[in-house]
Structure formats: C-alpha cells, structure tokens
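Structure first, then comments.
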There are 4 protein chains.
Amino acid sequence: MIIAGHIAGQIERGERAVGSRLPSELELSNMWQVARMTVRRAIRELTERGLVRAVHGKGTFVTESRGEASGR
Amino acid sequence: MIIAGHIAGQIERGERAVGSRLPSELELSNMWQVARMTVRRAIRELTERGLVRAVHGKGTFVTESRGEASGR
Amino acid sequence: MIIAGHIAGQIERGERAVGSRLPSELELSNMWQVARMTVRRAIRELTERGLVRAVHGKGTFVTESRGEASGR
Amino acid sequence: MIIAGHIAGQIERGERAVGSRLPSELELSNMWQVARMTVRRAIRELTERGLVRAVHGKGTFVTESRGEASGR
DNA sequence: GTGGTCTAGACCACT
DNA sequence: GTGGTCTAGACCACT
C-alpha cells in the first residue's frame, strides 16, 4: 500500500515523533482522496508492523520507529 | 457490555444487596478506566433489565436480583 | 426532544415516505447545528417509537407512519 | 456573592479577555472550596449581569466587560 | 455531589 | 460513507 509505505517512511525518518498522533481517518482520506476503508487498511498495515497503535475514541499514535519494540 | 455483565453478576449472586447504592458514575469510570458515557451505557443496560434504578441527584440503586419484580 | 418530534411530525404527515432514507447523522447534525450524539439520541427515540429503522452501513429508513406496523 | 464579585472584577479590569473561557464548574468549586451549586449561583449572577454566557457542553465564556452590549 | 444532557471529534464495523 | 462505539470533559437539574 502506497499510503502505508509513505507514513512508515515518515515514521522511520523521524518526521513523525514517537507518541505523536496521526491525522484522523477523515483527514487522511481527504488528504489522499481515498475512501475511509483504504485509509483503515493502511493503518492496519502499520499496526501489524508495530509502528502505530490505534486507541478507540482518541486517535492513532506512533509507537516507535524501525520496529524497536519487538525482540530488543 | 462487559461492565454491565460484571455488575449484573454481582447483583445476581447477592454481592450487591437490594436497595444498596452502586458506586457513582464517576467512581465507576475511574474503577474501569473508561469514559463516563461508557459507564452510563452499562447502567442503561442494567436499568432495561430491571436490575437497578437511577435516581437523579441521589444515585443508582439495586432494585432486585434475578427478576424478582415481575409476577411476585 | 425537539428534533425527534420534528422528524416524527414529517413522517406522520407523510412528508417523509415509507422506505425513504433520512439524511445521514452527519447531515442532520449540520442541519440542526448540534453534535452527532444529540442526533443519535433523537433517532433512537424515533426507533423506539417504531417510526424508523437504522441499518448499519446503509442509513436510517422510515418504516411506517402513524404506527401502522402493529395490529395489521 | 463573593465569587461572582471577584470574577466580575477580573472581567471589568480586563484580566479575563472577552471570548475567553472561565474555569469549569468543577475547577471553580475546587479553587474556592465550595459546592457546585454555589459556583452555579455565582455564574448565574454573572450571566444575568450580561458578563458571561454559558454554553451547554462547551463552557462559560466572557461576553464583554462593563455591560457594553446592552443599549450602546 | 449525584445523575442527565451535550459538545467535538476520534476509531470501529458494515455495506 | 453510513451507522456504532468511545473518549474527555463541559454545563444542567436535582436532592
């Protein structure tokens, strides 16, 4: 997914700080001009890679960069 | 709802006496670490099942256990 | 609730046809200048009165006018 | 009321800007160590004097200083 | 000081 | 792109 790769790159380059909130689903779907489901799939991809964590009612947050959490 | 089921179980097992007051919405939201509106949804569920009754300005009270109200 | 009463009136006067879709929650919240949760409370009222039915992912539809459903 | 007079003084001296939000009822009751009802009566006093406007779910806002709005 | 209503806005589940 | 749930926190009404 292009969107997931783009955001992953931002996180890995440190352009999105650990702990910071991603734009909301609605904002991302407007920014990329895609449907909500497409945004959600991208975020799910990032979640599975351990880069972000979605918190119901609050937002989606950067958890780390370059998979620091697992196996270290 | 997990919270509603938990409290319903306490009432049905007699751990919460008929006529006793539940913790306030604020206390429950702190105990369960959820927003107050989520607590209110759980209490609404219990109210509809006839287990508790909320009284404005006073609190929420256990009305019965195991559906004693109807047909007695 | 004023909003619920207003929409109920439209349905009862036949201004909203049976089977037609209500404006979405987002549209209604813009139209009435209230939060979406307030719109949802109004729709919940209408649902309990049997006037509309909300279908997840599709919309909220007028089911009848003047309580035609029961006793027919 | 001492609290109302204190806040009115702040507004009239410009220490609370027009459009700014007052501390919430809970914050004010903690600050002054009084019950919520006492705070509400003070705010009601300020509302009747036209200094603030309470907006449900949002907060209480300074509308003006020295009664500029009416009859000017 | 409790329950009741509302705001603004997030993610979730579904079609 | 809709309805469903949740967060955080405000004022309102009541006892």
Side-chain angles (χ1 to χ4, degrees), chain A residues 21-30 34-44 47 52-61, chain B residues 1-3 21-30 32-45 47 52-61, chain C residues 1-3 21-30 32-45 47 52-61, chain D residues 21-30 34-44 47 52-61:
Chain A
R21 214 195 67 201
L22 254 50
S24 75
E25 293 179 356
L26 187 60
E27 287 169 331
L28 287 170
S29 69
N30 286 336
V34 296
R36 294 276 281 276
M37 249 202 53
T38 308
V39 168
R40 284 185 59 72
R41 253 186 274 161
I43 289 173
R44 195 178 153 201
T47 302
V52 303
R53 193 162 69 93
V55 184
H56 199 164
K58 297 180 80 170
T60 302
F61 301 88
Chain B
M1 185 80 68
I2 295 166
I3 299 172
R21 213 195 71 196
L22 253 51
S24 75
E25 296 179 354
L26 188 60
E27 286 169 331
L28 287 170
S29 69
N30 286 336
W32 287 87
Q33 291 292 299
V34 296
R36 196 182 141 206
M37 288 256 326
T38 306
V39 168
R40 284 184 61 73
R41 277 179 61 84
I43 290 174
R44 190 184 141 209
E45 168 78 20
T47 302
V52 303
R53 194 162 68 94
V55 183
H56 192 173
K58 296 183 74 174
T60 302
F61 301 88
Chain C
M1 186 77 71
I2 295 166
I3 299 172
R21 213 194 73 199
L22 253 53
S24 75
E25 295 179 355
L26 188 59
E27 287 169 331
L28 287 169
S29 69
N30 286 336
W32 288 87
Q33 290 292 299
V34 297
R36 197 184 140 201
M37 288 255 326
T38 306
V39 168
R40 284 183 62 73
R41 278 179 60 85
I43 290 174
R44 191 183 141 211
E45 169 78 20
T47 302
V52 304
R53 193 163 69 94
V55 182
H56 192 172
K58 294 184 75 175
T60 302
F61 301 89
Chain D
R21 213 195 70 202
L22 253 52
S24 75
E25 292 180 357
L26 187 61
E27 288 169 331
L28 287 170
S29 69
N30 287 336
V34 296
R36 294 275 281 276
M37 250 203 51
T38 310
V39 168
R40 284 185 59 72
R41 253 186 274 160
I43 289 173
R44 195 178 154 203
T47 302
V52 304
R53 193 163 69 93
V55 183
H56 198 164
K58 297 179 81 170
T60 301
F61 301 88

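Each chain gets a letter, A, B and so on, in the order its sequence line appears, and its residues count up from 1.
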How long is the gap from [atom1] on [X] to [atom2] on [Y], to the nearest 0.5 Å?
X        : Y        : atom1 : atom2 : value
Ile3(B)  : Glu45(B) : CD1   : CD    : 11.5 Å
Arg44(D) : Thr60(D) : CZ    : OG1   : 14.0 Å
Met37(B) : Glu25(B) : CE    : CD    : 10.0 Å

Heavy-atom side-chain contact between Trp32(B) and Val39(B) under 4.5 Å: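 No, side chains not in contact.
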Could you tell me how far apart [X] ([atom1]) and [N] ([atom2]) are, to the nearest whole angstrom?
X        : N      : atom1 : atom2 : value
Glu27(C) : dG3(F) : CD    : P     : 8 Å
Trp32(C) : dA8(E) : CH2   : P     : 17 Å
Glu45(C) : dG4(E) : CD    : C1'   : 15 Å
Leu26(D) : dA8(F) : CG    : P     : 16 Å
Phe61(D) : dT7(E) : CZ    : C1'   : 10 Å
Leu28(A) : dG9(E) : CG    : P     : 16 Å
Arg21(B) : dT2(E) : CZ    : C1'   : 7 Å
Met1(C)  : dG4(E) : CE    : P     : 14 Å

First of Thr60(D) and Gly59(C) reached from the 5' end of DNA chain F, by closest nucleotide: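 Its nearest nucleotide lies further toward 5', so the answer is Gly59(C).
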Contact nearer the 5' end of DNA chain F, comparing Ile43(D) with Arg41(B):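 So the residue in question is Arg41(B).
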Output a table of nitrogen or oxygen pairs between the protein and nucleotides 13-15 of chain E separated by less than 3.5 Å.
residue, atom, partner, partner atom, Å
dA13(E), N3, His56(C), NE2, 2.6

Which heavy atom of [X] sits nearest a heavy atom of [Y], and at what distance?
X        : Y        : value
Ile43(B) : Val52(B) : O-CG2, 4.1 Å
Leu28(C) : Pro23(C) : CD1-O, 3.6 Å
Ser29(D) : Arg36(D) : OG-CD, 4.0 Å

Contiguous pairing runs of three or more, Watson-Crick or G-U under 3.5 Å, that involve DNA chain F: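 Stems for DNA chain F, defined as runs of 3 or more consecutive pairs: E:1-14 with F:1-14.
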DNA chain E: 5'-proximal contact among Val39(C) and Leu22(B) (nearest heavy atom):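 Its nucleotide being nearer the 5' end, the pick is Leu22(B).
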Nucleotide nearest Ala54(D) (side chain, heavy atoms from C-beta), chosen from dC6(F), dC11(F), dA10(E):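 Of the options given, the side chain of Ala54(D) lies nearest dC11(F).
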Those residues that, when tested against Arg53(B), pass salt bridge (charged side-chain N to carboxylate O under 4.0 Å, His left out) (two or more places apart):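 Arg53(B): no salt bridge (charged side-chain N to carboxylate O under 4.0 Å, His left out) contacts found.
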OP1 or OP2 of dC6(F) under 4.0 Å from side-chain N/O of Thr38(B):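 Checking dC6(F) against Thr38(B), no side-chain N or O comes under 4.0 Å of OP1 or OP2.
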